[in-house]
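Proteins get letters first, then strands, A, B, ... in listed order; numbering begins at 1 in each. We use all heavy atoms of the structure for the numbers below, so side chains are in, but hydrogens, waters and symmetry mates are not.
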Amino acid sequence: MPSIVDKILARAAGKPQVSVGAYITCQVDLAMVHDSSGPRRLGPKLAELKRGLFDPDKLVIITDHFVPAKDDASKVIQKITSDFAKQHKIRYFYPEAGICHVVLPQKGLVRPGMFIVGGDSHSTTAGAFGCYSFGIGATDMAGVAATGEIWLKVPQTRAVELRGKLQERVYAKDIILALCGEHGMDMAEYQALEYLGAGVQSISMQERMTLCNMSAELGAQAGIIAPDAVTLEWLSQFAPECTPAIDISALASDEASHSGPSYQIDLDALKPQVAAPHSPANSAPLTEHEKQMFNVAYIGACTGAKLDDLRAAAQILSGRKIAGSMQLLVAPASKRDQEAATEEGILEIFEDAGARFLPAACGMCAGYGADRLGADDICISSTARNFKGRMGDPGSQVWLASPATVAASAITGYLSDPRLFI
Amino acid sequence: MRLFGRVWILGDDINTDLLAPGQYMRLPSAELAAHCLEAIRPDFAHNVQNGDMILAERGFGIGSSREQAAEALVALGIRAVIAKSFGGIFQRNAFNLGLMCLACPTLETSQLKEGEQAELDTQSGILHVAAQRFHCEVLPDFLVCMIANGGLIPHLMQGKVKDITR
């Protein structure tokens with residue numbers, strides 16, 4: 001019996017069915033690149049191939065890594081990117097609109113059942129909408145750009161059952177960190193993870209995006225969530241023209257369609273988590289690291305600064321000030337979320353608390369830009385990875401947590417439980 | 001393919017931020033390669049020789065999809081990476097650039113010395129390092145062919161345009 005993954009892959013491969021472990025070639029519905037993985041890398045490879053784009057309307061370009069351009073090299077990369085978009089008549093080119101994984105669905109380009117590739121490891125994010133979406137490198141992307149096709153080995157669809165319901169001040173980030181801590185970063189062995197169960201139904205679209213996004217940290221090729229009423233509600237707002245055509249029940253995994261190990265997590269009992277340097281696999285309940293001191297708090301990234309993330313942090317920060325020893329930096333995940341947060345008064349709460357804003361882009365999370373951690377910095381961050389040196393100097397230390405835990409810790413200056421800030 | 005080379009021994013979780021550090025990502029690949037692994041092995045980029053192989057533990061290449069992680073190793077002359085397990089995107093990237101990467105779940109690097117000679121037979125999956133012998137994964141023919149051709153771009157240029165798995 002086919003899982004949601006098998007159904008999407010079979011359709012994309014033009015086959016009646018697929019079997020786990022088989023090598024297949026799929027037609028890509030949508031490909032996305034950013035300014036780092038995109039035109040500057042694709043252009044020379046397409047020239048070498050002497051090929052154009054298979055379909056310029058299926059290649060989305062979003063700039064987020066080297067923006068705002070801090071130096072001449074970054075400016076050259078932006079110029080190459082916009083020239084490429086012009087030359088190839090790219091219809092969906094979004095410069096400086098925010099982080100690609102958040103912008104893509106907000107532009108109404110993601111529909112349940114799509115087969116999507118992205119030039120970034122967190123391209124798994126679109127799985128939240130019931131897509132099979134995964135990250136690839138630049139040469140793979142050049143192959144896709146030229147032919148519209150890509151090979152893959154049909155993965156197992158492993159079930160991750162979320163039992164119960166998330167408690168107050170506990171979030172999708174805590175779910176993923178708990179899984180990283182318990183099973184390690186190779187939990188999924190490059191297979192697909194399907195999140196299911198009552199716990200999934202109770203969380204918002206953007207929280208689902210966080211789950212699928214950080215499936216990359218669990219070693220999955222893709223994370224996926226079957227579309228439901230929450231998905232349709234999102235689509236009616238962001239892609240209103242497509243909703244009547246979608247038969248979500250046909251996409252759902254059939255009985256007994258999962259294979260490989262399965263995983264369960266009890267959300268009723270889940271506590272806020274924190275990942276110690278230098279790996280998301282160093283995750284544990286934050287009570288295990290009492291009074292860990294910080295001097296920087298960072299609320300940013302596709303996995304930690306969407307509107308829902310900003311709301312969660314603002315609930316904690318409202319009417320409070322950050323500690324004198326702390327810097328709080330906030331980089332909203334998209335311009336659209338930034339505008340919505342402004343309208344809701346959330347950005348004012350951050351400002352009153354003493355936060356400094358950074359542009360809506362990858363910012364410090366990717367470590368490509370002007371803002372970087374110094375050798376002595378100890379940072380609590382809402383981002384996805386805390387590898388040595390990723391966000392700055394190799395001497396810097398990064399702890400990962402939910403935006404609410406980051407906000408709570410910004411107030412005290414040390415690791416703090418957001419459940420205590422009511 | 002049969003590959004011979006001197007080995008470097010690396011540990012767990014050699015991630016793409018270590019292989020291709022973010023702050024150098026705006027540089028051309030040849031310049032970026034000089035910073036490969038500098039946060040943990042500053043001697044690596046200086047002393048690596050053409051034809052060397054890397055033997056590593058779990059999770060080699062986890063993290064970002066940046067192809068420069070594999071490209072830096074190719075630029076430095078690395079011919080093969082054998083690890084207990086790989087980040088999936090990295091392994092694809094390596095194949096696409098003609099770099100042989102084989103998973104070897106039973107690899108025990110603690111018994112091996114850096115600088116020893118290794119021999120890898122990709123058809124049988126057998127790796128010899130000094131007196132030790134290990135069984136690596138065996139790749140499907142289309143991937144071995146693509147790697148032998150130098151990666152995806154040369155492979156596509158040879159006319160393998162449609163459905164390369166066939």
Side-chain angles (χ1 to χ4, degrees), chain A residues 22-25 36-37 41 45 48-51 65-66 71 73-74 76-77 118-123 134-143 146-147 149 151-153 155 184-186 188-191 216-217 219-221 278-279 281 366-369 372 385 387-392 394, chain B residues 12-18 21-29 35 38-40 42 58-59 61-71 84-98 103 139-143 146 151-157 160-166:
Chain A
Y23 289 88
I24 57 171
T25 296
S36 184
S37 67
R41 307 270 306 160
K45 290 176 196 288
E48 204 181 326
L49 277 171
K50 300 189 177 68
R51 298 280 294 252
H65 273 62
F66 293 106
D71 56 14
S74 304
V76 169
I77 292 169
D120 189 279
S121 59
H122 290 116
S123 300
F134 61 105
I136 58 175
T139 299
D140 252 341
M141 189 57 83
T147 67
E149 294 183 340
W151 68 268
L152 84 166
K153 189 177 180 180
M185 290 190 76
D186 53 0
E189 300 177 293
Y190 209 45
Q191 309 300 309
E217 277 55 57
Q221 183 175 51
H278 295 285
S279 169
Y368 288 24
R372 293 167 49 77
R385 294 186 183 128
F387 296 149
K388 191 181 175 76
R390 175 176 167 91
M391 288 174 67
Chain B
D12 281 324
D13 297 341
I14 303 299
N15 62 68
T16 53
D17 286 276
L18 295 174
Q23 68 183 117
Y24 306 113
M25 280 290 285
R26 73 185 78 85
L27 302 178
S29 293
H35 302 282
E38 73 178 9
I40 53 159
R58 281 166 49 173
I62 54 169
S64 148
S65 66
R66 63 188 72 163
E67 188 174 62
Q68 288 90 332
E71 206 168 57
K84 272 190 176 155
S85 64
F86 285 94
I89 304 176
F90 173 87
Q91 198 179 18
R92 283 188 76 105
N93 287 343
F95 295 160
N96 284 332
L97 296 172
L139 297 178
D141 289 344
F142 86 93
L143 278 179
M146 183 175 89
L152 181 67
I153 300 293
H155 200 62
L156 290 175
M157 287 171 77
K160 291 289 288 177
V161 172
K162 284 283 159 189
D163 196 351
I164 65 167
T165 61
R166 268 182 211 131

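Interface residue D140(A): backbone and side-chain heavy atoms are both found under 4.5 Å from chain B. The part of R66(B) that comes within reach of chain A is its side chain, from C-beta onward, which places non-hydrogen atoms under 4.5 angstrom from that chain. Heavy atoms of S85(B) lying under 4.5 Å from chain A belong exclusively to its side chain. Contacts of I153(B) with chain A are made by both backbone and side-chain atoms, with heavy-atom separations under 4.5 Å. Contacts between T16(B) and chain A at a heavy-atom distance below 4.5 Å are absent for every atom of the residue. In this structure, no portion of E38(B) lies under 4.5 Å from any heavy atom of chain A. The contact between N96(B) and chain A is made by backbone and side chain atoms together, counting heavy-atom distances below 4.5 Å. Proximity to chain B (any heavy atom under 4.5 Å) is shown, for Y368(A), by both the backbone and the side chain.
Across all non-hydrogen atoms, the minimal contact from K388(A) to I40(B) is CD-CG2, 4.3 Å. Nearest heavy atoms, S121(A) versus S64(B): OG-CA, 3.6 Å. Heavy-atom minimum distance, P155(A) versus Q191(A): CA-OE1, 3.3 Å.
Using cut-offs of 30° and 60° on the angle between ring planes, the pair W151(A) and F142(B) is perpendicular.
Of the residues considered (P21(B), G59(B), A39(B), G63(B)), G63(B) shows the highest number of contacts with chain A, using heavy-atom pairs under 4.5 Å. The most heavy-atom pairs under 4.5 Å with chain B, out of M391(A), R385(A), K45(A), come from R385(A). Counting heavy-atom pairs under 4.5 Å between each of A138(A), S37(A), G367(A) and chain B puts A138(A) at the top. Note on D17(B), N93(B), L97(B), I62(B): by heavy-atom pairs under 4.5 Å with chain A, the leading option is D17(B).
Atom CZ of R58(B) has 12 or fewer neighbouring heavy atoms from other residues, nucleotides or ligands inside a 6.0 Å radius.
Taking the salt bridge (Lys or Arg N to Asp or Glu O under 4.0 Å) definition, one finds that E189(A) meets it with R158(A), sequence neighbours left out. Scored by the salt bridge (Lys or Arg N to Asp or Glu O under 4.0 Å) test, K84(B) finds E57(B), E108(B) as partners (sequence neighbours excluded).
Checked by atom type, the side-chain pair S74(A)/D71(A) shows a donor-acceptor distance below 3.5 Å.
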